[in-house]
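A short worksheet on the structure shown next.
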Amino acid sequence: MKTDGASGSGERSVTRGAAALPRHVAIIMDGNGRWATRRGLPRAFGHRAGAKAVRRVVEAARRRGVGTLTLYAFSADNWRRPAAEVEALMGLFERSLGEQARRCVENGIRLRVIGRRDRLDPALVAAIDAAEARTAGGAAMELRIAVDYSGRGAVLAAIPLLPAGPAPTREALLAALGRAGQGGAPEVDLLVRTGGERRTSDFLLWESAYAELFFSDRLWPDVGAPDLDEALAWYAGRERRFGGLPAPAPATNGDPHEASHAA
Ligand code: IPE
Ligand code: IPE
Ligand code: MG
């Protein structure tokens with residue numbers, strides 16, 4: 001279900017309400033640095049507090065029944081930050097992976113890291129490989145962590161892996177993204193960004209073509225289960241049309257003409 005190729009077909013029908021639970025939630029976890037700075041602390045403290053928020057949100061998503069959760073942890077452009085901050089972040093990933101994998105095993109979660117690996121420290125790559133192997137049997141949810149990730153870079157990495165032929169399809173590109181270790185199916189249903197900015201910062205561009213966008217001003221280290229619930233409740237009220245027309249209102253006993261105009 002988690003890698004259901006059909007979900008990339010773009011042929012979904014209009015849904016309202018009943019689509020209640022997004023299959024794929026993606027989160028741009030932003031605001032760690034500001035959280036720390038506001039407390040007079042070094043930015044690295046914000047990243048550490050952010051790692052705790054990851055645990056809260058992963059467990060809440062799993063309890064709510066989300067199929068795939070993709071978290072933006074480090075963008076390809078984040079290499080532009082000062083070396084000390086990059087080092088702090090990479091060290092934090094490496095140290096938290098073992099503990100995160102242990103929690104994933106307990107909760108039946110499969111962990112995958114998407115993005116480039118060739119620029120990561122070999123010790124971090126080894127920790128990623130170990131965490132992925134340890135959690136490979138998880139069937140309750142897939143947790144994907146995006147590290148050294150770029151949405152544009154992902155598409156560029158997938159292109160050489162497209163099957164030969166004159167006309168690649170959207171489904172083929174989604175599959176190639178998966179083979180390239182860059183994400184792929186399923187498409188994003190709900191894209192959340194915390195920290196107050198309203199931009200995608202090169203995250204899951206291809207997969208978010210019809211994602212519902214939820215922006216929160218809360219800084220990532222302050223985020224927890226109630227914030228996920230707020231986003232899920234908002235999502236449940238969206239009408240997803242995929243380019244179609246609004247769903248007809250339910251038929252009434254009255255004038256059928258009236259019902260057809262009710263929407
Ligand atoms: C998000 O928080 C974490 C990463 C980008 C690694 P930031 O570090 O971007 O925090 P702000 O946006 O500066 O507050
Ligand atoms: C996006 O946040 C990347 C992650 C959350 C990992 P940034 O803080 O790097 O994004 P910009 O620079 O504000 O667009
Ligand atoms: Mg930021």
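Indexing begins at 1, ligand by ligand and atom by atom, following the structure's order.
- Contacts of R193 with ligand 2, taken as heavy-atom pairs under 4.0 Å, involve the side chain alone.
- Listed by number with element, the atoms of ligand 2 under 4.0 angstrom from any heavy atom of R199 are 11 (P), 13 (O), 14 (O).
- Not a single ring pair (Phe, Tyr, Trp, His ring centres under 6.0 Å) links F93 to another residue, sequence neighbours left out.
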Output, in order, the C-alpha distance, side-chain angles, deciding distance and verdict of side-chain hydrogen bond (donor to acceptor under 3.5 Å, both in side chains) for R193 and S201. CA-CA 10 Å; R193 182 170 186 144; S201 299; 2.8 Å; yes

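- Here the CG-CE distance, from L71 to M29, works out to 5.0 Å after rounding to the nearest 0.5 Å.
- With respect to the Mg ion (ligand 3), D30 has OD1 as its nearest N, O or S atom.
- In this structure, the side chain of D227 engages the main chain of G224 through a donor-acceptor pair within 3.5 Å.
- In this structure, a donor-acceptor pair under 3.5 Å is absent between the side chains of D189 and H24.
- Each of V57, L190, V25 was checked for a side-chain contact (heavy atoms from CB on, under 4.5 Å) with V66, and the lone residue meeting it is V25.
- Sorted by chain then number, the residues whose non-hydrogen atoms approach ligand 1 to under 4.0 Å are M29, D30, G31, N32, G33, R34, R43, H47, A73, N78, R81, E85, L89.
- A cation-pi contact, defined as under 6.0 Å to the ring centre and within 45° of the axis, links R48 to F45.
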